[in-house]
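This report concerns only the one structure given below.
Side chains are part of it too, since the values below use all heavy atoms of this structure and drop only hydrogens, waters and symmetry mates.
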Amino acid sequence: MEQRFILREGNSSLLLFFAGWGSDECLFTRPAAEGYDYLLCFDYRNPDFNYSQLEGYQSIRLLGWSMGVWAASQTFSGKDLPWEMKLAVNGTLTPIHDTTGIPEAVFNGTLDTFSPATLAKFRRRMCGGTEEVKHFLDRQPRRSVEELHEELKTLRQEVLRLPVPAFQWDKAIIGTEDRIFPSQNQLEAWQGTPVLSMNIAHYADLFFTECLKGKEQLWTKD
C-alpha cells in the first residue's frame with residue numbers, strides 16, 4: 001500500500017489514517033490535530049505495510065474509513081502498538097457482506113460493470129448530494145480508472161479469501177445517510193462496540209476536516 005506522511009515534524013504522537021478505496025493524498029491533505037504527525041495510507045492493491053514508519057511514536061490515533069477499516073484491521077491484527085484510540089468511520093470488518101457490509105450483489109455489480117460512468121455514479125452516491133460532490137471534486141484523487149478497477153478487484157479477492165480480522169476498534173461512527181455501507185448493516189456489524197450515529201453520507205468533507213483536526217466529540221472513547 002501507499003504510505004505518505006502529510007505532516008512529519010518529529011512529534012511524539014501520530015495520526016494514522018487508512019483511507020477508503022480509490023483515495024490518495026489529494027483527497028486528504030488537510031491540517032492534523034496539534035502535536036501530531038500525520039501518515040496517510042491508501043491503495044490496497046498490495047497489502048505490504050512498512051511498520052518502521054511507526055517507530056518512535058509514543059501515542060497513535062488510528063482512523064479507518066470505508067475499506068480502510070478492513071485494511072487497517074488486517075494490517076494490525078495481533079500487533080502491539082501504543083494506541084491512543086482507534087476510530088472506525090463508515091466501514092466494517094466484513095466489508096462485503098449482505099448484513100454487515102456492502103451487499104455482495106451491489107459490490108459485484110459495481111466491479112463487474114466498472115467504467116468511468118460507473119465511477120462517477122459511485123462517487124455521487126458516496127457523497128449523497130450536489131454540494132458534497134462539489135467538495136469532493138475540489139479534492140478529486142488523481143488516479144486512473146484502470147488503477148481503481150484493479151484495486152477494487154484486489155479488495156474483493158482478499159476480503160473473501162482472508163478470515164475476518166481479530167481487531168478491536170474503540171468506537172465506530174455510522175453515517176445515517178450512507179448509501180455505500182448501509183447504516184443498518186453497520187449497526188449490525190458493530191454490536192458490542194460503542195457507536196456514534198451522525199447525519200452524514202459515506203464521504204463528508206467537513207466531517208473529515210474536523211476529524212483530522214482532532215474534534216473532541218469524535219476522539220473520545222464512549
Side-chain angles (χ1 to χ4, degrees), residues 1-93 95 135 138-139 141-143 165-175 190 192-196 198 200 202-222:
M1 72 184 72
E2 293 287 337
Q3 296 170 235
R4 297 189 186 174
F5 274 98
I6 306 301
L7 183 67
R8 195 175 195 177
E9 296 181 333
N11 291 300
S12 62
S13 297
L14 176 69
L15 171 61
L16 176 59
F17 182 18
F18 273 62
W21 164 74
S23 301
D24 69 3
E25 70 275 20
C26 296
L27 190 58
F28 291 116
T29 296
R30 314 181 191 204
E34 186 175 351
Y36 287 79
D37 287 353
Y38 171 20
L39 176 61
L40 177 69
C41 303
F42 60 94
D43 189 353
Y44 305 119
R45 290 177 294 172
N46 183 330
D48 292 348
F49 184 84
N50 180 5
Y51 295 95
S52 70
Q53 290 190 320
L54 308 184
E55 292 175 359
Y57 288 105
Q58 299 174 17
S59 175
I60 301 174
R61 282 183 174 179
L62 178 63
L63 174 62
W65 169 56
S66 191
M67 280 290 180
V69 173
W70 173 86
S73 300
Q74 291 288 359
T75 300
F76 299 120
S77 181
K79 297 289 183 182
D80 184 19
L81 291 167
W83 301 120
E84 175 189 339
M85 184 174 172
K86 296 163 287 182
L87 180 64
V89 178
N90 285 341
T92 71
L93 300 180
H135 290 310
D138 286 341
R139 305 177 185 270
R142 296 174 184 171
R143 297 178 59 190
F167 190 75
Q168 182 65 49
W169 293 81
D170 295 310
K171 183 162 70 174
I173 292 178
I174 296 176
W190 291 115
T193 299
V195 163
L196 174 62
M198 299 184 68
I200 57 172
H202 189 67
Y203 171 82
D205 192 75
L206 178 59
F207 167 84
F208 280 112
T209 295
E210 293 179 337
C211 190
L212 292 168
K213 287 178 69 176
K215 186 174 181 179
E216 186 175 354
Q217 174 197 8
L218 306 178
W219 290 102
T220 52
K221 295 182 181 180
D222 52 25

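- With rounding to the nearest 0.5 angstrom, the CD atom of Glu84 is 12.5 Å from the CG atom of Leu16.
- Formation of a donor-acceptor pair under 3.5 Å by the Thr193 side chain with backbone atoms of Lys171 is not found in this model.
- Using a 4.5 Å heavy-atom cutoff, the side chains of Cys211 and Leu87 are in contact.
- Asp37 places a side-chain N or O within 3.5 Å of a backbone atom of Glu9 that can act as its donor or acceptor partner.
- For Thr75 (side chain) and Ala71 (main-chain N/O), a donor-acceptor pair under 3.5 Å exists by modelled atom type.
- A donor-acceptor pair under 3.5 Å links the side-chain atoms of Ser23 to the main chain of Gly20, judged by distance alone.
- In terms of heavy atoms, Tyr36 sits closest to Leu15 at CD2-N, 3.9 Å.
- For Ser13 against Gly35, the heavy-atom pair with the smallest separation is CB-O, 3.7 Å.
- Residues Leu14 and Phe5 meet the side-chain proximity criterion, which asks for heavy atoms closer than 4.5 Å.
- One distance of note links CD1 of Ile6 with CZ of Phe17; it measures 10.5 Å at 0.5 Å rounding.
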Inset, instruction - Begin from the C-alpha positions of Asn50 and Ser52 and carry the test side-chain hydrogen bond (donor to acceptor under 3.5 Å, both in side chains) through to its verdict. - result: CA-CA 5 Å; Asn50 180 5; Ser52 70; 2.5 Å; yes
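- Side-chain contact between Leu212 and Phe207 is absent, with no heavy-atom pair separated by less than 4.5 Å.
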Legend entry - Test log, rule side chain to side chain contact (heavy atoms under 4.5 Å, CB included), inputs Leu39 and Leu54: CA-CA 9 Å; Leu39 176 61; Leu54 308 184; 4.1 Å; yes
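- Using a 4.5 Å heavy-atom cutoff, the side chains of Leu196 and Gln217 are in contact.
- Residues Trp169 and Ala88 share a closest heavy-atom pair of CE3-N, 3.5 Å.
- Proximity of a side-chain donor or acceptor of Tyr44 to a complementary backbone N or O of Cys41 within less than 3.5 Å is detected.
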Legend entry - Criterion side chain to side chain contact (heavy atoms under 4.5 Å, CB included) on Thr92 and Val69, from CA distance to verdict: CA-CA 6 Å; Thr92 71; Val69 173; 5.8 Å; no
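- When all heavy atoms of Gly175 and Asn90 are compared, the pair lying nearest together is N-OD1, 2.7 Å.
- Of all heavy-atom pairs between Pro165 and Gln74, the closest is CD-NE2, 3.5 Å.
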Inset, instruction - Show your reasoning for whether side chain to side chain contact (heavy atoms under 4.5 Å, CB included) applies to Leu40 and Phe42. - result: CA-CA 7 Å; Leu40 177 69; Phe42 60 94; 4.0 Å; yes
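- In this structure, Lys86 forms a cation-pi arrangement with Phe167, its terminal cationic atom sitting closer than 6.0 Å to the ring centre and no more than 45° off the ring axis.
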Legend entry - Full working for salt bridge (Lys or Arg N to Asp or Glu O under 4.0 Å) between Asp205 and Arg30: CA-CA 11 Å; Asp205 192 75; Arg30 314 181 191 204; 3.1 Å; yes
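- Using a 4.5 Å heavy-atom cutoff, the side chains of Leu81 and Phe76 are in contact.
- For Trp83 and Ser59, the side-chain atoms include no donor-acceptor pair closer than 3.5 Å.
- The only option from Phe18, Trp65, Tyr38 that meets the ring pair (Phe, Tyr, Trp, His ring centres under 6.0 Å) definition with Phe28 turns out to be Trp65.
- Pairing each heavy atom of Arg61 with each of Ala33, the nearest pair is NH1-CB, 4.1 Å.
- Side-chain contact between Asp43 and Trp21 is absent, with no heavy atoms from C-beta onward closer than 4.5 Å.
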